[in-house]
Each structure stands twice: as C-alpha cells, then as structure tokens.
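I have placed the structure first, in the form of structure tokens, so that the comments after it can refer back to it.
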Amino acid sequence: MPELPEVEIVRQSLDKNIKYKKVKNVIIRNRNLRFKIPLKFENFLRGQEITKVDRFSKYLILSLSNNSFCLLHLGMSGTIHLVFNNKKNFLTNTSFYNSPMLPNKHNHIEIIFSDLKIIYNDPRRFGFLQIIRDSNLLKKRFEHLGPEPFSSNFNLSYILSFFKGKKKNIKNFLLDQNFVSGIGNIYASEILFLSKINPTKKVRLLKKEDCKKIIINCKKVLSNAIKKGGSSIKDFKNTDGETGSFQKDFNVYERQGLNCKRSKCKGIIRKKTISNRSTFFCNFCQK
DNA sequence: AAGAGGCCCTGATAGC
DNA sequence: TGCTATCAGGGCCTCT
C-alpha cells in the first residue's frame with residue numbers, strides 16, 4: 001500500500017503528535033513481522049524521547065534521545081493509528097477494540113505516550129520496526145538505496161549513466177529502489193502515463209527528452225499525491241483514520257477498459273502484468 | 001553483474 | 001454455503 005507519499009502523510013502526523021514526547025511503555029503482541037522484533041526492543045524504547053520524525057523513501061525514522069533510531073516500514077499493508085488518552089481503559093488497550101474506527105485485528109505493536117498511543121497494525125506483516133544504534137549504522141542501512149525523486153542527485157546525467165548497458169524496461173527501473181527510491185507500483189504507472197512512455201519500453205531506447213520528462217513527472221506525481229493526502233487504495237488511511245483523495249486523480253491505475261483521460265486521445269487503458277506486477281497504461285498515447 | 005523468479009503473510013474476491 | 005485459486009500497493013534473497 002504505502003509508497004513515498006503515504007509514508008510522508010504518516011510522518012507529518014507523527015511529527016505533529018509524538019515529537020518531543022517520551023515513550024512510557026511499549027506493548028508487543030506479535031513479534032513476527034518481516035524481521036523478528038527482539039525481546040530487548042521494548043526496554044530500549046522505554047523512556048526515550050522522540051526528538052525528530054524523519055522519512056527516507058518509504059521508511060520512517062524516529063530519532064531517539066539516546067542518539068539511536070527506530071526505523072519503521074509499513075510493508076504492503078501496515079498502518080499507524082493514533083489513540084488519544086480521552087478514553088477509559090487507555091492503558092489496558094481494550095476500549096479501542098470496540099471502536100468501529102479502529103482495526104480490531106493485527107494490532108501488533110503499541111507505543112504509549114502520556115497523552116496518546118500509536119498502534120501499528122499490519123495484516124500481512126510485511127512491515128517492520130527496527131532499532132538502529134547510531135547514525136553511522138543508519139547511513140549504512142540506506143546506502144544501497146538510490147536517491148529520492150525530489151533529490152538533486154536524481155538528474156539527467158545520473159539517469160543516463162545508470163541506464164547505460166541495462167536491458168530492463170522503464171517500469172522495472174521506476175520500481176527498482178536502487179535506482180530511485182520511494183516509487184511503488186501505483187505511482188510508477190501514473191508517472192509513465194504523464195510522460196507518454198510505454199511501460200514495456202527498454203531504457204536503452206529512451207531519448208534524453210523522455211528522461212527529462214520522467215524526472216519532472218516523478219516529482220509531480222508524488223508531490224501532488226502528498227498534497228492530496230495520499231491514495232486510498234484498499235484501506236490506506238492517515239493516522240486519524242481518514243482516507244486520502246489522490247485515487248480520484250488516477251489516470252491509469254485500476255482504470256483498465258476505460259477511455260484515456262488525455263483530451264483528444266482515443267486510447268483505452270490496458271492492464272498488463274510486467275514482472276509479476278500489474279501495470280496500467282494507455283495503448284495509444286504511451287509510445 | 002544484471003535480471004528473473006520465488007518467497008514472506010493475510011484477506012478480499014471470483015469461480016465452481 | 002463452502003471450497004479453492006488468484007491477486008494485492010514491498011523488499012529481500014537466491015539462482016543463473
């Protein structure tokens with residue numbers, strides 16, 4: 001579910017709600033996320049103040065007062081929910097199970113502050129939380145990842161040299177986090193639509209102008225999605241339980257069989273599986 | 001080294 | 001109704 005824009009929405013909410021607050025308690029019901037949560041996790045976090053809430057790519061980075069970090073990745077189905085301390089049984093975490101606004105299953109982790117708690121819910125358990133001991137290790141943790149689309153390092157010469165000698169198609173590269181980090185399956189299709197590039201196009205056939213369009217449209221699609229509060233495919237919600245509205249802006253995603261939205265284009269949106277991922281594109285204007 | 005494929009897991013939906 | 005198959009927005013690992 002969550003690509004860079006959705007994670008950014010969560011970051012903004014956490015920044016507003018848990019920054020400068022001290023962790024009172026941590027409850028873990030299921031340690032078997034993507035990476036097993038070690039037994040010492042709770043003790044490590046308890047008593048720490050959250051000094052900063054950052055994001056890189058699809059990763060949330062909570063800075064802790066002891067100069068370490070708590071990394072959080074939402075995987076495919078992870079969500080963060082805020083519960084404010086105005087309910088009975090707040091600390092015994094029973095009340096929200098009865099609330100229709102909150103999920104009642106797969107609430108694996110709670111991080112409790114004095115006035116609110118955050119709940120990590122993740123049905124598929126592809127997400128994870130991880131302690132990173134210091135900034136050097138944090139740097140190392142991300143060194144295999146390419147630049148974000150917003151970075152000045154994501155420029156024409158970078159793209160041209162990265163594509164040199166490669167045989168894959170452009171859709172695969174947009175999803176390749178070593179090339180550019182933060183784009184997922186939905187926005188990859190949307191970016192290629194705006195760029196009028198067919199997702200199956202081999203990168204060695206792309207012209208300079210195509211690459212320029214890709215740079216511009218990566219930024220455009222992601223920043224627009226952030227502005228709209230993220231997409232609401234399946235059950236994406238921000239931490240207040242509200243859905244984003246970007247999905248209304250989809251040009252191709254989940255629009256197979258419908259007319260191309262580009263004015264004067266007579267094309268039909270097609271769905272095609274590329275490297276095991278569904279891909280959507282206009283069969284006429286994306287060359 | 002690049003690229004293809006498999007796998008981690010649950011839930012929603014479709015088809016019989 | 002109840003079974004089985006297929007598909008989901010991610011990322012990492014292995015094999016060729």
Side-chain angles (χ1 to χ4, degrees), chain A residues 1-10 29-37 55-60 71-80 103-109 120-130 140-146 148 161-193 199-204 218 221-222 225-226 228-238 243-256 271-280:
Chain A
M1 167 226 337
E3 305 183 33
L4 186 153
E6 289 73 28
V7 179
E8 174 59 21
I9 301 303
V10 175
R29 299 199 183 77
N30 190 346
R31 294 180 187 277
N32 298 311
L33 302 186
R34 176 175 193 102
F35 305 119
K36 186 144 191 159
I37 295 179
R55 177 193 55 71
F56 181 74
S57 183
K58 305 171 191 174
Y59 299 80
L60 285 165
L71 218 59
L72 169 59
H73 195 291
L74 300 171
M76 295 254 270
S77 58
T79 47
I80 298 275
N104 56 12
K105 276 179 83 176
H106 309 299
N107 287 340
H108 306 310
I109 298 177
Y120 178 69
N121 180 283
D122 188 357
R124 293 175 73 179
R125 290 190 272 124
F126 284 1
F128 61 85
L129 283 87
Q130 213 173 27
K140 222 171 189 171
R141 182 68 175 75
F142 292 135
E143 74 186 354
H144 67 289
L145 293 176
E148 291 197 343
S161 70
F162 201 98
F163 285 171
K164 200 157 275 179
K166 303 281 171 66
K167 291 178 177 162
K168 282 194 300 183
N169 60 60
I170 181 61
K171 164 81 183 324
N172 276 335
F173 272 103
L174 291 181
L175 290 183
D176 180 353
Q177 306 296 302
N178 304 316
F179 169 58
V180 58
S181 54
I183 298 170
N185 201 38
I186 294 176
Y187 297 126
S189 282
E190 295 296 323
I191 288 162
L192 290 173
F193 173 79
T200 60
K201 186 113 170 177
K202 304 287 184 203
V203 290
R204 66 185 168 80
C218 284
V221 167
L222 296 187
I226 293 170
K228 295 284 171 69
S231 304
S232 168
I233 301 306
K234 298 249 158 86
D235 62 352
F236 175 73
K237 293 181 175 65
N238 65 23
T243 55
S245 64
F246 186 83
Q247 72 282 3
K248 292 174 195 149
D249 286 9
F250 287 158
N251 286 302
V252 287
Y253 186 78
E254 285 283 273
R255 292 194 69 248
Q256 67 271 27
K271 178 178 181 176
K272 185 184 169 81
T273 298
I274 298 177
S275 297
N276 256 338
R277 289 259 192 266
S278 57
T279 307
F280 303 85

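In what follows, chains are A, B, ... by sequence order, proteins preceding strands, each numbered from 1. Heavy-atom basis, side chains included; hydrogens, waters and symmetry copies ignored.
Contact of R125(A) with dC9(B) (side chain to base): no donor-acceptor pair of N or O atoms is detected under 3.5 Å.
Within the 4.0 Å cut-off from OP1 or OP2 of dG11(C), not a single side-chain nitrogen or oxygen of H144(A) is found. For S278(A) and dA8(C), the shortest distance from a side-chain N or O to OP1 or OP2 is below 4.0 Å. The phosphate of dG11(B) (OP1 or OP2) has a side-chain N or O of K105(A) nearer than 4.0 angstrom. Proximity of H106(A) to the phosphate of dT10(B): no side-chain N or O atom is located under 4.0 Å from OP1 or OP2.
Going from atom CG of N169(A) over to atom P of dA4(B) covers 8 Å, rounded to whole Å. Look at CZ on R277(A): it is 6 Å from C1' on dG10(C), rounded to the nearest Å.
Nearest nucleotide to the side chain of F126(A), out of dG3(B), dC12(C), dC9(B): dC9(B). Side-chain proximity of F173(A) to the nucleotides dG11(B), dG3(B), dG10(C) is greatest for dG3(B). Out of dA8(C), dG11(C), dA4(B), the shortest distance to the side chain of N172(A) is found at dA4(B). Checking dG11(C), dC12(C), dG11(B) against every side-chain atom of Q177(A), the shortest atom distance belongs to dG11(C). When each of dG11(B), dA4(B), dG10(C) is scored by its nearest atom to the side-chain atoms of K168(A), the top-ranked nucleotide is dA4(B). Of the candidate nucleotides dA8(C), dG3(B), dG11(C), dG3(B) has the atom lying nearest to any side-chain atom of K166(A). Of all nucleotides listed (dC9(B), dG10(C), dG11(C)), dC9(B) comes nearest to the side chain of R124(A).
With contacts defined as side-chain heavy-atom distances shorter than 4.5 Å, the pair K272(A)/T200(A) qualifies.
To the nearest 0.5 Å, the span separating CZ on F280(A) from OG on S189(A) amounts to 6.5 Å.
Note on Y59(A): only backbone sugar-phosphate atoms sit closer than 4.0 angstrom, heavy atoms only; bases stay farther off. Heavy atoms of K36(A) sit nowhere under 4.0 angstrom from any nucleic acid atom.
The backbone N or O of D122(A) sits nowhere less than 3.5 Å from a side-chain atom of S77(A) that would complete a donor-acceptor pair.
In summary, the side chains of N185(A) and K171(A) do present a donor paired with an acceptor at a separation below 3.5 Å, with no hydrogens or angles considered.
Every residue two or more places apart in sequence or in another chain was checked for a salt bridge (charged side-chain N to carboxylate O under 4.0 Å, His left out) with R141(A), and none qualifies.
In DNA chain C, runs of at least 3 consecutive Watson-Crick or G-U pairs, each pair with both distances below 3.5 Å, span B:2-8 with C:10-16, B:10-16 with C:2-8.
Only the P atoms considered, dC9(B) is 23 Å distant from dC3(C), to the nearest whole Å.
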